[in-house]
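All values below were derived from every heavy atom in this structure, side-chain atoms included, with hydrogens, water molecules and symmetry-related copies excluded. A note on names: the letters A, B, ... follow the listed sequences, proteins ahead of strands, and every chain is numbered from 1.
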2 protein chains.
Amino acid sequence: MRESQAAEPRPYHHGDLRRALVDAARRLLENEGPSALSLRAVAREAGVSPAAPYHHFKDKGELLDAVAHEGWLMLDQAMAAAKAAAEGPAKLTAIGLSYVCFARDNPALYRVMYDAARDKEALPMETKDGEDSAYCKVRNTMVELGADPGMETDLELATIAAWCGAHGLAEMAGFRQFDHLKQALGGEEPFLRAVLNHLGLFPGTRPAC
Amino acid sequence: MRESQAAEPRPYHHGDLRRALVDAARRLLENEGPSALSLRAVAREAGVSPAAPYHHFKDKGELLDAVAHEGWLMLDQAMAAAKAAAEGPAKLTAIGLSYVCFARDNPALYRVMYDAARDKEALPMETKDGEDSAYCKVRNTMVELGADPGMETDLELATIAAWCGAHGLAEMAGFRQFDHLKQALGGEEPFLRAVLNHLGLFPGTRPAC
DNA sequence: TTCTTATTTGAACACCGCTAAGATAGCGGC
DNA sequence: GCCGCTATCTTAGCGGTGTTCAAATAAGAA
């Protein structure tokens, strides 16, 4: 591993500037926040001129897309790990909790991920390897927990509802106005679990009206 | 009312540039989208120099705060109207639907509203008139529908869960990947209603596990 | 070696948020 | 009426941004 990982897209001068730019962007994002993520700053961080990135990305948005893609991969992994670590119906809550915790621990990256999704007007539905996306993992878990895969619309609706709840909670969990409630419940994780339990996560268990 | 509403902040040269700037910003937001909402563009739209806004707003963020504030007032009104038009338990779904429709019809404004909220790390909890905010309206509705106001944490959790679900749906409802589901359900509004019904909106009705 | 092509640079353009200095216009006191 | 006074607005400018383009450079092919 002489120059980190390279050799796949046939680097010329730099080694693998595309890779280096995405890494620099993630570094900036973590250290300085999303407002510091200018294309020029990324180039500076990677040690190249402001015009260099344009030979690897059409524009700034495409670089952000690449960053977002890595974010979705990380989220996938976190959710898969949480699912594997839990048993039975607790799997769903565990997945939701891992989702919200990922957003809490990577707020800038999470923002970039959803900005990209809004631009495309779609959530990523499959990873590069053809594997199921995080969204599909939630749906699969629903089926494993007893949702009828024949009732496709109901299954899809339950998945969407769960995803919406988790995303909303991820965006709102940091708001200060909930601090007293977290304290009353004994910490942040109990608070998150409590809200998740209030959401109608399980298919077929919603109130009839 | 000679020059629209004025006389409160004692305008000098322009009449009421502050008001005009917020209006110009809302006009730009609606016509050109959030990315076109630069402070200079707002000044241009209002017919003043790029430096003029700084005598009425500390910086760009403060102007956006003013725009966001008007957005929250509009959302308040929409939710209040929806609540008044529905009866019984349908009130909650009606409120949720009005929330999501507001976001759909004013996507750029909705974005500005939540950007401001994230900066402050809080949702607006009361309007200028001391009236209850949209968030409080949801909680009040929960009580009217039978939630026990004595169980304060449970009431709060239910309110948060409902708000999270509505916000998540508002952000996700426009994604193209749900088009086929909307079609299967007979349109967008049935789709929104279906997702809202899948969310655990009502306090005390969540599954026991 | 020479040719070709991918990569990177440096300079430039238009736009951005923001600041400072000066011009302008409405107000209160005389 | 006139005179400050102060709020308002403009002009000019700073450093930063995304993006383009011609020139320079370096790697591989012939």
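In this entry the distance linking CG of A/Asp59 with P of D/dT20 reads 8 Å, nearest Å. The separation between B/Tyr54 atom OH and C/dC16 atom P is 11 Å, rounded to whole Å. Between A/Leu17 atom CG and C/dT7 atom C1' the separation is 9 Å, expressed in whole Å. Between the NZ atom of A/Lys60 and the P atom of D/dG16 there is a distance of 16 Å, given to the nearest Å. Between B/Asp16 atom CG and D/dA7 atom P there is a gap of 17 Å when expressed in whole angstrom units. For A/Leu63 and D/dT17, the CG to P distance is 14 Å, given to the nearest whole Å. Look at CZ on B/Arg18: it is 16 Å from P on D/dA7, rounded to the nearest Å. D/dT17 atom C1' lies 14 Å from atom CG of A/Leu64, rounded to whole Å.
Contacts between residues 31-49 of chain B and DNA chain C, defined by a heavy-atom separation below 4.0 Å, involve B/Ser38, B/Leu39, B/Arg40, B/Arg44, listed by number.
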Side-chain donor-acceptor pairs under 3.5 Å in residues 164-178 of chain A, sequence neighbours left out?
unit_1   : atom_1 : unit_2   : atom_2 : d
A/His167 : ND1    : A/Tyr110 : OH     : 2.6
A/His167 : NE2    : B/Glu171 : OE1    : 2.5
A/Glu171 : OE1    : B/Arg118 : NH1    : 3.4
A/Glu171 : OE1    : B/His167 : NE2    : 2.5
A/Glu171 : OE2    : B/Arg118 : NH1    : 2.9
A/Arg176 : NE     : B/Glu121 : OE1    : 3.1
A/Arg176 : NH2    : B/Glu121 : OE1    : 3.0
A/Gln177 : OE1    : B/Leu123 : N      : 2.6
A/Gln177 : NE2    : B/Leu123 : O      : 3.4

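Separation of atoms CG (A/Leu92) and CG (A/Leu199) is listed at 11.0 Å; rounding is to 0.5 Å.
Phosphate contact (OP1/OP2 of D/dC9, side-chain N/O of B/His56, threshold under 4.0 Å): present.
A salt bridge does not link B/Lys182 with A/Glu156: none of the charged nitrogens is closer than 4.0 Å to a carboxylate oxygen. A salt bridge does not link B/Lys91 with B/Glu144: every distance from a Lys NZ or Arg NE/NH1/NH2 to an Asp or Glu carboxylate oxygen is 4.0 Å or more. The pair A/Arg27-A/Asp23 fails the salt-bridge criterion, with no side-chain N (NZ, NE, NH1 or NH2) lying under 4.0 Å from an Asp/Glu carboxylate O. Salt bridge annotation for A/Arg26-A/Glu30: absent, with no cationic side-chain nitrogen under 4.0 angstrom from a carboxylate oxygen.
Panel note: side chain B/Arg139, backbone B/Thr159; no donor-acceptor pair is recorded below 3.5 Å.
More than 12 heavy atoms of other residues, nucleotides or ligands lie within 6.0 Å of CD in B/Glu62, so this atom counts as buried by the packing criterion. Residue B/Met125 places its CE atom among more than 12 non-hydrogen atoms of other residues, nucleotides or ligands, all under 6.0 Å distant.
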Between the protein and nucleotides 21-23 of chain D, list the N/O to N/O atom pairs that are separated by less than 3.5 angstrom.
none

